[in-house]
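Each chain gets a letter, A, B and so on, in the order the sequences are listed, and its residues count up from 1. Computed from a predicted model, the values in this text were never measured in an experiment.
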Amino acid sequence: MPELPEVETTRRGIEPHLRGRRIERVILRDTRLRWPISPEVSELGGRRILGVARRAKYLLWQLDRGHLIWHLGMSGSMRVLPIGAPAENHEHVEMRLDNGQALKFRDPRRFGALLYTGDDPLQHRLIRTLGPEPLGDEFTAEYLHAHCRHRSAAIKNVLMNSHIVVGVGNIYASEALFQAGIRPGRAARRISRPGIARIVDSVRDTLARAIEHGGTTLQDFTQADGKPGYFRHELQVYGNREACRVCGHTIKQVVLGQRATWYCPECQS
DNA sequence: ATAATAACCTGAGGGC
DNA sequence: TGCCCTCAGGTTATTA
């Protein structure tokens with residue numbers, strides 16, 4: 001579910017409720033996530049939350065001592081609700097705060113993760129090797145061109161490779177390539193320099209617009225206040241079984257890297 | 001090094 | 001109604 005816009009939407013939603021608050025108690029209802037939640041997480045009562053940052057699709061909680069590293073996986077979401085609100089199904093983690101509110105993590109498929117580290121979270125083995133942020137200065141046409149030049153892989157798979165650029169998942173890869181006018185199955189090394197530049201612009205623009213709309217809700221995702229993300233209405237090709245909104249041609253669906261992929265055979269080459 | 005594939009897990013929806 | 005199948009926003013580990 002959550003790609004960069006959904007994770008950033010979550011960050012913006014929870015951060016004002018968490019910053020400066022003390023954790024009173026941690027309730028672990030199910031520790032069986034992607035990796036088991038370590039027992040030390042249940043002993044974080046008393047720590048203060050100094051801030052919530054994002055790197056790629058990870059949320060990084062800075063505590064007064066140590067850091068939490070969260071990943072929402074495919075179906076994870078976070079909400080802030082008053083202490084005492086009944087636990088929903090698949091609500092695996094609850095963090096009770098010192099202001100009567102609680103942060104609740106729900107993740108039906110349990111592909112998410114919650115890790116604690118006493119060290120710099122950016123040096124964690126899962127994070128250290130990641131590529132640049134797509135909305136940052138490092139992600140330029142020059143950079144992407146260098147990583148595409150010798151690759152035979154489909155450009156969509158390159159965009160979804162977190163060691164090249166982070167945050168682009170299955171929805172926004174299809175959407176950005178539609179906006180760039182490039183077919184998702186094109187070999188990365190066959191794309192012209194101007195095409196690469198259009199892709200960089202489109203990735204940035206698509207992600208930025210999705211953040212403005214609070215992300216995309218297909219099924220599970222909710223913002224911290226329970227509302228869905230509204231970018232679903234802006235999607236051009238993802239999940240579109242009908243006509244291209246630009247030219248009217250029928251949208252094609254193919255499978256690339258084990259993932260459903262959509263494109264317009266008229267608008268994209 | 002790069003590329004392709006299986007694996008992790010639950011729920012929703014379609015066909016019969 | 002119920003059973004069986006396929007598919008879903010991510011990522012890692014393993015294999016060619």
Discussion item. What contact category does A/Arg189 fall into here, base, sugar-phosphate, or nothing, at under 4.0 angstrom with non-hydrogen atoms?
Written reply: nothing

Discussion item. Under 4.0 Å, heavy atoms only, any strand: does A/Phe231 hit a base, just the sugar-phosphate, or nothing?
Written reply: nothing

Worksheet item: Ion pair present between A/Arg79 and A/Glu91, side-chain N to carboxylate O less than 4.0 angstrom?
Response: no

Discussion item. Is it the case that the side chains of A/Gln223 and A/Tyr230 hold a donor-acceptor pair, with the cut-off being a distance below 3.5 Å and no angle test?
Written reply: no

Worksheet, complete the sentence: Base-pair string, DNA chain C, Watson-Crick plus G-U, cut-off 3.5 Å on both distances, | for inter-strand, is .|||||||.|||||||

Worksheet item: How close do A/Arg189 and A/Arg149 get, heavy atom to heavy atom, and via which atoms?
Response: CB-O, 3.1 Å

Practice prompt. Determine the contact category for A/Thr217: base if any of its heavy atoms lies under 4.0 Å from a base atom, sugar-phosphate if only primed atoms, P, OP1 or OP2 are that close, otherwise nothing.
Written response: base

Worksheet item: With a non-hydrogen cut-off below 4.0 angstrom, is A/Arg151 in contact with a base, only sugar-phosphate, or nothing?
Response: sugar-phosphate

Response to the item:
Rounded to whole Å, CG of A/Leu59 lies from P of C/dG10 at a distance of 15 Å

Discussion item. What I want to check is whether an N or O donor and acceptor connect the side chain of A/Gln258 with the base of B/dA4 at under 3.5 Å.
Written reply: no

Worksheet item: Using a cut-off of 4.0 Å on non-hydrogen atoms, how would the nucleic acid contact of A/Ala260 be classed: base, sugar-phosphate, or nothing?
Response: sugar-phosphate

Discussion item. Tell me whether the rings of A/His147 and A/Tyr143 are parallel (<30°), tilted (30 to 60°) or perpendicular (>60°).
Written reply: tilted

Discussion item. Centroid distance below 5.5 Å plus an interplanar angle below 30 degrees: do A/Phe111 and B/dC8 meet both conditions?
Written reply: yes

Fill in: Atom pair CD (A/Glu3) and CD1 (A/Ile211), whose distance is rounded to the nearest 0.5 Å
11.5 Å

Item to complete: Remember a base hit wins even if backbone is also touched, and classify A/Tyr238 as base, sugar-phosphate or nothing at under 4.0 Å, heavy atoms.
Response: sugar-phosphate

Worksheet entry | DNA chain B: 5'-proximal contact among A/Ala154 and A/His90 (nearest heavy atom) | A/Ala154

Worksheet entry | Span that lies between the P atom of B/dA1 and that of C/dT11, in whole angstrom | 23 Å

Discussion item. Between the base of B/dC9 and the side chain of A/Arg109, is there a donor and acceptor pair under 3.5 angstrom?
Written reply: yes

Worksheet item: CZ of A/Arg245: more than 12 outside heavy atoms within 6.0 angstrom?
Response: yes

Discussion item. Given C/dG10, C/dA13, B/dT10, identify the nucleotide with an atom nearest to the side chain of A/Arg125.
Written reply: C/dA13

Practice prompt. Please check if any side-chain donor atom of A/Glu40 sits under 3.5 Å from a side-chain acceptor atom of A/Ser38, or the reverse.
Written response: yes

Worksheet entry | P gap between C/dC3 and B/dC9, integer Å | 23 Å

